[in-house]
J.: 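So that we are looking at the same thing, I have put the structure below in structure tokens.
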Amino acid sequence: MSAQGTTRNDICLRCPRGCEVITVLDDKGAILDISGNQCKLGIEYVKQEINNPRRVLPTLVRVAGGMRPMVPVWTPEPVPKGLLLDLAATTRSIEVDAPVSVGDVVLDDWRGLGIQLVASGAVARRAGAEVRHSNGGE
Amino acid sequence: MRVNGDYDVAVIGGGPAGMAAAIAAAREGARVLILERNDQLGGILPQCIHNGFGAINFGRDLPGPEYAYRYEQKVRALPVEIKLNTMVLDVTGGRDVFAINDDEGYLHFKPKSIVMAMGCRERTRAQIRLPGTRAAGIFTAGTVQRLVNIEGYMPGRRVVVLGSGDIGMIMARRLTIEGATVLSVLELMPHLTGLRRNYVQCLQDYDIPLHLSTTVKKIKGKRRVEGIETIQVDERFRPIAGTERSIDCDTLVLSVGLIPENELSSQAGVVLDDHTRGPRIDSSMATSVPGIFAAGNVTGIYDLVDYVSIAGTAAGANAAAYARGTAPEKRRRRVRLVPGSNVGSILPQEIEIGDDDSRPTIMLRPNATIDVSVRLRFTADDETVTEFRERYARPSEMIVKTLSARHLDQLRGDKNEEYQVEIV
């Protein structure tokens with residue numbers, strides 16, 4: 001442990017175990033020591049958390065002509081934390097046409113950042129529902 | 001009315017435990033029936049749109065609907081009869097199952113074995129004796145989850161959450177993502193009751209304040225909630241006068257615990273456990289009534305759906321074996337496990353100590369927080385028979401342990417019928 005370094009405590013989010021990871025940094029922010037993690041995911045997590053914290057966003061989009069009004073979507077790859085609320089605002093304006101299947105891409109390459117929203121649930125088409133448009137988005 | 005004896009195994013409830021049970025029983029060649037009261041399979045999972053499911057069973061971090069979808073695909077690929085929108089009204093100790101639905105009316109099944117997989121329900125305002133008016137705008141967290149995630153309605157704009165359980169924190173984030181303002185999460189206990197990872201990713205990430213040792217003193221508003229008054233409590237949960245604070249809000253969300261749903265188990269004469277409030281089960285998921293098995297949240301509240309599916313698989317396979325008449329005779333030594341100090345509940349309550357290499361898995365719910373290395377001890381007459389170490393004990397995290405050859409050897413060398421399991 002370095003005497004002049006700063007330490008930070010993080011709860012690793014990579015699995016439900018939630019290890020408390022303690023990281024010692026030097027004056028320039030370089031990592032001197034990582035402890036408390038039970039597996040290597042904890043090291044990866046802390047490095048990302050220090051440089052560019054990211055989170056998975058699970059949310060919903062509207063469905064037109066479906067048996068249900070909403071379909072659950074998520075970002076299988078975590079997105080930069082600072083963009084979560086922007087992306088959430090975007091998803092609130094999206095409406096897709098039924099049917100929706102698990103794995104359907106609902107929004108691709110958001111803002112050119114390679115961020116994808118993918119359906120995690122399915123919504124069947126309601127019998128007799130009229131066809132309106134193909135997709136919403138920004 | 002015709003008594004339908006076509007099925008070997010009837011599974012009551014089509015959630016994660018029931019689906020896993022149906023798959024396991026059908027793979028054993030049993031004729032399986034699932035009775036589900038909702039209009040789809042999956043139980044609570046379709047409304048749990050957050051990720052965090054599947055780490056053990058799929059090696060992936062999946063959202064709830066996708067976890068349910070993967071199991072539903074497996075169920076539908078097998079010759080399993082699924083009756084949706086079908087409510088089971090009664091189950092007898094003789095394994096008569098009475099159910100009702102719109103299309104077929106009143107139904108009477110006589111399966112050879114039954115898997116109880118009814119899950120759990122939420123504690124309500126009445127059960128925590130919350131004072132104040134009966135204005136609109138007071139919801140349980142699971143109800144809010146259903147309204148928002150399935151029905152597409154927002155319950156309000158300015159929200160306070162009572163209870164720092166996982167669903168409460170997850171719904172605080174969910175409502176924020178959908179544009180509401182979550183003003184505060186209140187927790188009566190001096191510590192978080194849900195997982196710490198949910199505190200980080202649901203509250204901290206969205207700047208939602210958590211107030212510990214705090215509860216609701218009063219709900220204001222006549223037709224609709226207009227605000228609440230909070231109050232801090234001391235270490236014995238007594239309100240501290242002078243710590244009141246008013247919050248203007250239109251919605252109060254309660255995340256104050258879950259209760260296994262066992263009306264049908266009781267009707268069938270299944271013995272319930274005082275600690276889990278679910279059926280007492282053994283390592284084969286068998287209840288006290290021959291031919292009736294139980295798995296998942298109906299037997300006690302689990303942290304992770306992955307373990308629910310694992311329990312369902314065991315229940316389904318054993319129910320199929322019972323129906324076939326090939327269930328192993330219960331001639332091996334059986335021992336009862338009783339919660340000792342710092343242990344809230346244990347599943348299963350009875351394990352077999354055989355001479356073969358079967359390794360029972362036990363799950364313990366600690367009722368105290370001990371943040372240093374702990375020992376889990378099996379004791380009889382204050383003598384420790386076997387023990388193992390854990391890094392810590394927290395009420396929010398079940399301790400899951402598959403007994404090793406060493407533990408089993410030590411238990412084989414002892415002749416007691418009951419062990420206290422304690423955390424020290």
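All heavy atoms count here, side chains included; hydrogens, waters and symmetry mates do not. Note on naming: letters A, B, ... go to the chains in the order of the sequence lines (proteins, then strands), and numbering restarts at 1 for each one.
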J.: Output the distance between atom CZ (B:Phe53) and atom OG (A:Ser120), rounded to the nearest 0.5 Å.
T.: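 Reported to 0.5 Å precision, the distance equals 10.0 Å.
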J.: Could you look at A:Leu84 and say if it's the side chain, the backbone, both or neither that has a heavy atom under 4.5 Å from chain B?
T.: side chain
J.: Taking all heavy atoms of A:Pro69 and all of B:Glu151, pick out the closest pair and write down the distance.
T.: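 Smallest interatomic distance, heavy atoms only, reads CG-O, 3.2 Å.
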J.: So for B:Gln47, is it side chain, backbone, both, or neither that comes closer than 4.5 Å to the heavy atoms of chain A?
T.: neither
J.: Using a cut-off of under 4.5 Å on heavy-atom pairs, state which of B:Asp61, B:Asn149, B:Leu62 scores highest against chain A.
T.: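 So the answer, after comparing B:Asp61, B:Asn149, B:Leu62, is B:Asn149.
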J.: Does atom CG (A:Asp109) have a neighbourhood of more than 12 heavy atoms from anything else shown, all under 6.0 Å?
T.: yes
J.: Select one option (side chain, backbone, both, neither) describing which atoms of B:Tyr392 are under 4.5 Å from chain A's heavy atoms.
T.: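 Contact with chain A is through the side chain of B:Tyr392 alone.
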J.: Could you check B:Gln201 against A:Ile11 for side chain to side chain contact (heavy atoms under 4.5 Å, CB included), going step by step and ending with a plain yes or no?
T.: CA-CA 10 Å; B:Gln201 61 185 356; A:Ile11 306 290; over 6 Å; no
J.: Heavy-atom distances under 4.5 Å only: say whether B:Leu304 touches chain A with side chain, backbone, both or neither.
T.: side chain
J.: Kindly indicate whether the side chain of A:Pro58, heavy atoms from C-beta on, has any atom under 4.5 Å from the side chain of B:Pro63.
T.: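 Side-chain contact under 4.5 Å: no.
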J.: What part of B:Tyr206 is in contact with chain A, defined as an atom under 4.5 angstrom from a non-hydrogen atom: side chain, backbone, both or neither?
T.: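 The side chain, not the backbone.
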J.: Check each atom of A:Gln38 against the heavy atoms of chain B and say whether the ones under 4.5 Å are side chain, backbone, both or neither.
T.: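 Side chain of A:Gln38 only, per the 4.5 Å heavy-atom cut-off to chain B.
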J.: When heavy-atom pairs shorter than 4.5 Å are enumerated against chain B, which of A:Arg14, A:Arg62, A:Arg68, A:Met70 gives the highest number?
T.: A:Arg68
J.: Say whether, by atom type as modelled, one donor and one acceptor occur between the side chain of A:Arg92 and the main chain of B:Ile177 under 3.5 angstrom.
T.: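 Yes: the side chain of A:Arg92 pairs with the backbone of B:Ile177.
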J.: Going by heavy atoms in the side chains, are A:Leu60 and B:Glu178 under 4.5 Å from each other?
T.: yes
J.: Should A:Arg55 and B:Val200 count as side-chain neighbours, where that means a heavy-atom distance under 4.5 Å?
T.: yes
J.: Quick one: are B:Asn51 and A:Trp74 in side-chain contact, heavy atoms under 4.5 Å?
T.: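 Answer yes - side chains close enough.
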J.: Between B:Arg197 and A:Leu13 (side chain of the first, backbone of the second, donor and acceptor by atom type, cut-off under 3.5 Å), is there such a pair?
T.: yes
J.: Should we count OH of B:Tyr153 as having more than 12 external heavy atoms under 6.0 Å?
T.: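 Check fails, neighbour count at 12 or below.
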J.: Do B:Arg174 and A:Thr59 pass the side chain to side chain contact (heavy atoms under 4.5 Å, CB included) test, and can you show the C-alpha distance, the side-chain angles, and the key distance before you say yes or no?
T.: CA-CA 7 Å; B:Arg174 197 75 265 294; A:Thr59 184; 2.6 Å; yes
J.: Counting only heavy atoms closer than 4.5 Å, note whether B:Arg196 contacts chain A via side chain, backbone, both or neither.
T.: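 Contact with chain A is through both the backbone and side chain of B:Arg196.
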J.: More than 12 heavy atoms of other residues, nucleotides or ligands under 6.0 Å from CZ of B:Arg70: is that the case?
T.: yes
